[in-house]
Number of protein chains: 2
Amino acid sequence: MMDTNKRESTGFLIKQRAFLKLYIITNIENGRWYGLKLLDELKKEFKPLGFEPQHSEVYRALHELEDEEEILTKGKVKVAGAKRKEVVVYKIKDHEKAQAYKKLVKTDLDRCVKLLQKALKDNF
Amino acid sequence: MMDTNKRESTGFLIKQRAFLKLYIITNIENGRWYGLKLLDELKKEFKPLGFEPQHSEVYRALHELEDEEEILTKGKVKVAGAKRKEVVVYKIKDHEKAQAYKKLVKTDLDRCVKLLQKALKDNF
DNA sequence: GCATGAACATCGTGTTCATTT
DNA sequence: AAATGAACACGATGTTCATGC
C-alpha cells in the first residue's frame, strides 16, 4: 500500500552528511577537486576542532550531490600530480540548485548555533 | 580475548543524549522532576528551535545518569498533582560529579559552536 | 489517560574489503 | 601505495509495545 515509512527527525543538530556537502560545494565552486583531495583538505581544516571525517562519508556526499541533489557532474581526468592515472573530478552542474542547497544548510546551521548557545545560556 | 571493540568517534557534533543530560542535571538541581515532566519542559523549551525530543531518550538519559555517571539517585514519590499515585523522582547524588560532567559538556558545546561558526564563515 | 520502561526497528556513519591504476 | 566504491557492522535514537496506576 505504498507505505511511505519515513522516519521522523526530532530536529536536533545537522547531520555530518549535509555539513560535508556544504563544504564540498564551496570547494568545487573554487576549483576542481576529487574525493581524497577533498578529504585531505577537510581533515586539515577540522582537525584543530577535533573532527576528522572519513573517506566513505565524503564519497557518499559526492554521490548524493550528483545523483540526488543533481548539483554536481563528474568526469574522469588524467592527473599528473596524483599517483593514479585517472581521478574522478566534479564540477558544478546546476549553480541555482547549488545556491539553493547552501541556503537551506545555512538556515539549519543558524538554527543549530542558536540551540547550542541556548544550552550554554540555560546551563552555565 | 577481551576484544575491546570501541568504535571510534570522528568528533563531529555533540550527541543528543549528552545534550539532554546537561539539561536534566540543571533542572534537577533546581527542584524535583520526573521523566515526563522533564520531557514536557524540554519540548516546550526547544520547540521554537525545531527540536522535539522523545520520551525514550529522556528515560535513557536519566537511567545513564543514575547507573553509569552515578550523578543521580531516584526515589518514588506519591504526587497529588500527577494522575499516577507514584512517580519516579530524581535528585543529585553527587554534586562533584554533576559539576564535572557539566564542565565536560560545556567544553564540547563550545567546540561545536566553533565548528558551526567556522562553517558559516567558510561557506558564506 | 499518565507514567515508566523495555523491545524492536532504522538511519547515519564508522570499518573493512575489493578493485583498479 | 593512491583512489574509488561498495559491503558490512554498529551506535544513536526513533517507534512501538507492555505494564501499572
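Sequence lines set the chain letters: A, B, ... in the order given, protein chains first and strands last, and positions in each chain run from 1.
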Note to self: Between C1' on D/dA3 and NZ on A/Lys43, what's the gap in Å once rounded to a whole number?
What the structure shows: 13 Å
Note to self: Assess the residue pair B/Glu52 and B/Lys44 against the criterion (side-chain contact (heavy atoms from CB on, under 4.5 Å)); give the C-alpha distance rounded to whole Å, side-chain angles, the decisive distance to 0.1 Å, and a yes or no.
What the structure shows: CA-CA 8 Å; B/Glu52 198 159 5; B/Lys44 204 185 304 165; over 6 Å; no
Notebook entry, point to check: Looking only at side-chain N and O atoms, does A/Tyr34 come under 4.0 Å of OP1 or OP2 in D/dT4?
Noted result: no
Item checked: 5′-ward residue of the pair A/Lys37/B/Pro53 relative to DNA chain D -> A/Lys37
Check: For B/Phe19 and D/dT13, what is the distance between atoms CZ and C1' respectively, to the nearest whole Å?
Finding: 15 Å
Checklist line | Rounded interatomic separation in angstrom, taking CD from B/Gln54 and P from C/dT4 | finding: 16 Å
Item checked: For atom CD of B/Glu52 and atom P of D/dT15, their distance in whole Å -> 11 Å
Next item on the list: Write down the distance between CZ (B/Phe12) and P (C/dG14), rounded to a whole number of angstrom.
Entry: 10 Å
Check: Should the heavy atoms of other residues, nucleotides or ligands under 6.0 Å from NZ of B/Lys37 be counted, would the total exceed 12?
Finding: no
Check: Whole Å only: how far is the CG atom of B/Leu39 from the C1' atom of C/dG1?
Finding: 16 Å
Polar atom pairs between nucleotides 5-8 of chain D and protein, under 3.5 Å, N or O only, would you list them?
residue, atom, partner, partner atom, Å
D/dG5, O6, A/His55, NE2, 2.9

Next item on the list: Using atom CZ of B/Arg7 as one end and atom P of D/dA9 as the other, report the distance to the nearest whole Å.
Entry: 12 Å
Next item on the list: Look at the aromatic rings of B/Phe19 and B/Phe51 and report parallel, tilted or perpendicular, splitting at 30° and 60°.
Entry: perpendicular
Next item on the list: Would you kindly give the CD-to-P distance between B/Glu57 and C/dC8, to the nearest whole Å?
Entry: 19 Å
Distance-only check: which donor-acceptor pairs under 3.5 Å involve side-chain atoms of residues 116-123 of chain B, not counting sequence neighbours?
residue, atom, partner, partner atom, Å
B/Lys118, NZ, A/Glu45, OE1, 2.5
B/Lys118, NZ, B/Asp122, OD2, 2.9
B/Asp122, OD2, A/Tyr23, OH, 2.6
B/Asn123, OD1, A/Thr26, OG1, 2.6
B/Asn123, ND2, B/Ala119, O, 2.8

Next item on the list: Report yes or no: does B/Arg17 contribute a side-chain atom to a donor-acceptor pair with the main-chain N or O of B/Ala61 at less than 3.5 Å?
Entry: no
Notebook entry, point to check: Do the side chains of B/Leu62 and B/Ile28 get nearer than 4.5 Å, heavy atoms only?
Noted result: yes
Check: Does B/Lys74 count as lying over the ring of B/Tyr90, i.e. NZ or CZ under 6.0 Å from the six-ring centre, within 45 degrees of the axis?
Finding: no
Check: So how far off straight is the helix from C/dG1-D/dC21 to C/dT21-D/dA1, going by the axes through five pairs at either end, to 10°?
Finding: 30°
Next item on the list: May I ask you to say whether B/Asp110 pairs ionically with B/Lys114, meaning some side-chain N is under 4.0 Å from a carboxylate O?
Entry: no
Margin query: Side chains of B/Val105 and B/Lys21, heavy atoms from C-beta outward: is any pair under 4.5 Å?
Written below: no
